[in-house]
Amino acid sequence: MKFKVANRDQNSKARAGIITTDHGRIETPIFMPVGTGATVKAIHYKDLEEQVQPDIILGNTYHLYQRPGMDILRKAGGIHRFMSWEQPVLTDSGGYQVYSLTERRKITQEGVTFQSHIDGSRHFFTPEKVIDIQRDIGADIIMAFDECTPYPCDYQYASKSMKLTHDWLERCCTHFDNTEGHYGYSQSLFPIVQGSTYKDLREASARFVSDCNRAGNAIGGLSVGEPAEVMYEMTELVCDILPEDKARYLMGVGTPVNILECIALGVDMFDCVMPTRNARNGMLFTREGIINIRNKKWETDFSPIDPEGDTFADQRYSKAYLRHLFVSGEMLGPMLATIHNLRFYMWLVKEARNRIEKGQFAAWKHTMCARLAQRL
RNA sequence: GGGGGAGUUCCAGAGCGGUCAAAUGGGGCAGACUGUAAAUCUGUUGGCUUUCGCCUUCGGAGGUUCGAAUCCUUCCUCCCCCA
């Protein structure tokens with residue numbers, strides 16, 4: 001994997017770049033739809049490819065390890081062939097599950113024991129095993145095993161956890177360097193900065209991660225409930241330390257506003273379940289603001305779902321119809337909303353890139369952020 | 001014609017003398033969702049005040065009682081069985 005900065009914004013730290021992988025090019029800033037279990041939920045691949053057109057999607061180590069399991073993924077020839085997706089894939093390491101499945105796991109210096117949310121069976125994840133699993137899955141970009149700390153998190157715990165993540169990172173790097181991908185294309189390992197909301201920890205972690213000298217670097221442990229301002233502060237601090245010539249990936253972020261604000265701080269890659277999950281729950285993100293399509297106010301609004309959207313979902317169906325689908329519990333509702341939201345997120349980052357190239361990003365961001373957060 | 005059963009807040013359906021503005025489910029209305037245990041979850045759902053509280057409400061009317069959705073009388077409506 002290679003990364004090259006192509007353009008920089010004059011009035012912010014935003015940059016436009018290009019990532020090259022064996023499965024294709026990724027133009028940054030980029031949003032990566034989340035496809036945890038080898039599928040982006042509620043959308044057909046035809047629509048994902050033809051309507052949404054993402055450059056790269058995510059998978060998840062913990063979930064794919066549980067189902068379908070490594071035997072099947074190896075036999076399938078890796079995640080791309082298994083799910084019929086020939087573009088780049090990034091897999092998260094399971095570090096987020098250390099946070100989200102906190103009641104079902106136990107951390108030790110050696111690794112994490114998860115109790116499966118599916119059948120209750122216990123599975124021990126070490127940094128080495130997580131690398132092995134991600135080798136088997138075969139994503140183009142794989143993540144180091146980390147502990148995503150919760151918010152709030154006391155300093156002592158955050159410090160201890162960061163050191164653990166650093167220890168695991170060294171083990172991940174060593175094991176990664178001593179192994180190879182199985183499917184004939186290259187994989188890249190991204191380390192993850194932790195340190196909760198503490199500046200000194202974030203600084204130390206950003207330096208530690210930078211010293212790993214990997215193809216790209218990630219910022220984790222944010223967007224876990226802390227105020228947006230805190231998230232921006234930590235992101236800026238870390239971005240200023242991470243090397244300029246490496247891609248920066250802010251994990252799990254975020255709202256459209258979060259994304260624009262963090263592009264301005266120098267982040268290149270984002271992922272978030274928000275456009276897909278919230279779509280399934282009836283929330284639409286648009287250029288004008290947020291729509292709760294279940295609200296009564298849309299009952300007789302026969303205008304297109306998004307007059308400015310360029311997918312068939314946006315143009316062909318009305319808000320009133322989409323509301324009807326949601327109110328009726330019809331699965332087409334979540335499907336159409338997912339197409340819309342993902343395409344909107346893709347538009348958002350593409351437009352950000354255009355504005356960066358034209359040197360207009362900062363001003364554009366300013367007007368957009370005021371609009372995007374409005375409730376319609 | 002004879003016998004039996006039922007009518008409860010938007011719907012279905014509990015309650016069967018006071019702790020009932022009335023369980024529960026559905027529906028309605030609104031909210032949450034950030035490296036996905038989520039097509040999930042939460043709140044609210046008679047009116048007025050909104051702290052206390054007050055008013056109207058359990059088919060209609062009347063009655064018993066300190067007190068009734070709950071007991072009695074009567075009327076209306078609906079359902080089932082037998083002829």
Side-chain angles (χ1 to χ4, degrees), chain A residues 31-43 56-64 66-67 90-105 114-120 130 134 139 141-151 165 190-194 218-228 230-232 235 249-259 261-262 267 269-285 290 292-299 323 325-338 341 345 375:
Chain A
F31 177 79
M32 307 180 281
V34 178
T36 307
T39 171
V40 179
K41 292 182 192 291
I43 186 169
I56 172 173
I57 62 174
L58 252 67
N60 180 277
T61 299
Y62 169 84
H63 291 278
L64 292 171
Q66 303 263 349
R67 289 191 299 212
L90 180 154
T91 42
D92 183 33
S93 61
Y96 187 73
Q97 280 62 46
V98 176
Y99 158 78
S100 67
L101 299 179
T102 178
E103 303 302 315
R104 311 189 64 89
R105 54 70 172 165
F114 286 104
Q115 183 163 22
S116 167
H117 65 283
I118 298 165
D119 62 7
V130 164
Q134 291 184 101
I141 298 172
I142 71 176
M143 303 305 298
F145 195 39
D146 66 333
E147 181 190 3
C148 177
T149 49
Y151 177 85
T165 288
F190 278 27
I192 304 171
V193 173
Q194 288 292 340
I219 307 167
L222 294 176
S223 63
V224 289
E226 77 284 3
V230 173
M231 180 178 95
Y232 300 150
T235 299
Y249 165 28
L250 179 55
M251 306 183 79
V253 173
T255 66
V257 170
N258 291 162
I259 288 174
E261 293 292 358
C262 292
V267 174
M269 304 164 71
F270 300 88
D271 79 284
C272 190
V273 303
M274 213 173 235
T276 44
R277 178 186 290 169
N278 289 25
R280 276 177 271 124
N281 295 329
M283 180 189 278
L284 306 182
F285 296 97
I290 293 161
N292 181 345
I293 200 64
R294 293 176 323 211
N295 284 179
K296 195 173 184 63
K297 64 190 293 189
W298 309 112
E299 195 171 35
R323 178 180 190 272
L325 293 174
F326 268 97
V327 167
S328 307
E330 290 289 346
M331 66 171 81
L332 182 59
M335 290 168 68
L336 294 176
T338 298
N341 275 356
Y345 266 64
R375 291 183 162 279

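When reading the values below, keep in mind they use all heavy atoms of this one structure, side chains included, and skip hydrogens, waters and symmetry mates. Keep in mind it's a predicted model, so treat the numbers as computed, not measured. Below, chain A is the first sequence line, B the second, and so on; all start at residue 1.
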Taking any strand in view, what nucleotide pairs with U44(B) in a Watson-Crick or G-U wobble way, both distances under 3.5 Å?
-> G28(B)
Same-atom distance (C1') from U65(B) to U73(B), integer angstrom | 16 Å
For U57(B) versus G62(B), give the span between their P atoms, rounded off to a whole number of Å.
-> 12 Å
For U64(B), the nucleotide meeting Watson-Crick or G-U wobble distances (both under 3.5 Å) is none
Taking all heavy atoms of A144(A) and all of P191(A), pick out the closest pair and write down the distance.
-> CB-CA, 4.1 Å
Considering only the P atoms, how many Å lie between A68(B) and C55(B), rounded to the nearest integer?
-> 13 Å
For the pair made of CD1 in I290(A) and P in A30(B), what is the distance, rounded to whole Å?
-> 16 Å
Under 4.0 angstrom, heavy atoms only, what part of the nucleic acid is E299(A) near: base, sugar-phosphate, or nothing?
-> nothing
How about F270(A) and F31(A): are their ring centroids closer than 6.0 Å?
-> no
Modelled atom types, side-chain donor and acceptor of Q194(A) and T165(A), under 3.5 Å = no
Pick base, sugar-phosphate or nothing for R375(A), based on heavy-atom distances below 4.0 Å to the nucleic acid.
-> sugar-phosphate
No-H, no-angle donor-acceptor pair, R294(A) side chain to G28(B) base, under 3.5 Å | no
Could you tell me which nucleotide pairs with A69(B) by Watson-Crick or G-U wobble geometry, both distances under 3.5 Å, or answer none if nothing does?
-> none
C1' gap between C79(B) and G59(B), integer Å | 15 Å
Which part of the nucleic acid does N258(A) contact within heavy-atom distance under 4.0 Å: base, sugar-phosphate only, or nothing?
-> base
What is the base-pairing partner of U50(B), counting Watson-Crick and G-U wobble geometry with both distances under 3.5 Å?
-> none
Between the protein and nucleotides 36-39 of chain B, which nitrogen or oxygen pairs are less than 3.5 angstrom apart?
unit_1, atom_1, unit_2, atom_2, d
U36(B), OP1, N60(A), ND2, 3.0
U36(B), OP1, D92(A), OD2, 3.3
U36(B), OP2, T36(A), OG1, 3.1
U36(B), O4', R277(A), NH2, 3.2
U36(B), O3', H63(A), NE2, 3.2
U36(B), O3', Q97(A), NE2, 3.2
U36(B), O2, R277(A), NE, 3.3
U36(B), O2, R277(A), NH2, 3.1
U36(B), N3, R280(A), NH2, 2.8
U36(B), O4, T276(A), OG1, 2.6
U36(B), O4, R280(A), NH2, 3.1
A37(B), OP2, S100(A), OG, 2.5
A37(B), O5', H63(A), NE2, 3.1
A37(B), N6, R104(A), NH1, 3.3
A38(B), O2', R280(A), NH1, 3.1
A38(B), N7, R277(A), NH1, 3.3
A38(B), N7, R277(A), NH2, 2.8
A39(B), OP2, R280(A), NH1, 2.5

How far apart are the C-alpha atoms of Y96(A) and N60(A), what are their side-chain angles, what is the distance that settles it, and do they pass the side chain to side chain donor-acceptor pair (under 3.5 Å) test?
-> CA-CA 9 Å; Y96(A) 187 73; N60(A) 180 277; over 6 Å; no
Pick base, sugar-phosphate or nothing for V224(A), based on heavy-atom distances below 4.0 Å to the nucleic acid.
-> nothing
Do you know which two heavy atoms are closest between C262(A) and M231(A), and how far apart they sit?
-> SG-CE, 4.1 Å
U56(B) -> Watson-Crick or G-U wobble partner, both distances under 3.5 Å, gives none
Quick one: are T235(A) and L222(A) in side-chain contact, heavy atoms under 4.5 Å?
-> yes
In whole Å, what separates the P atom of A83(B) from that of U77(B)?
-> 26 Å
Paired with C78(B): which nucleotide, if any, by Watson-Crick or G-U wobble criteria at under 3.5 Å for both distances?
-> G5(B)
How would you label the contact of G333(A) with the nucleic acid (heavy atoms, under 4.0 Å): base, sugar-phosphate, or nothing?
-> nothing
Atom OH of Y345(A) and atom C1' of G35(B): how far apart are they, to the nearest Å?
-> 14 Å
Could you tell me whether the phosphate oxygens of A30(B), OP1 or OP2, come under 4.0 Å of any side-chain nitrogen or oxygen in N292(A)?
-> no
C1' spacing across the pair G5(B) / U40(B), given as an integer number of angstrom = 43 Å
Should I259(A) and Y345(A) count as side-chain neighbours, where that means a heavy-atom distance under 4.5 Å?
-> yes
Provide the distance between the two C1' atoms, one in U9(B) and one in A69(B), to the nearest whole Å.
-> 11 Å
Taking the C1' atom of each, how far is U36(B) from C20(B), in whole Å?
-> 43 Å
Distance-minimising heavy-atom pair for V273(A) and T276(A) = O-OG1, 2.9 Å
Checking N1-N3 plus N6-O4 or O6-N4 for Watson-Crick, or N1-O2 and O6-N3 for wobble, each under 3.5 Å, the partner of A21(B) is none
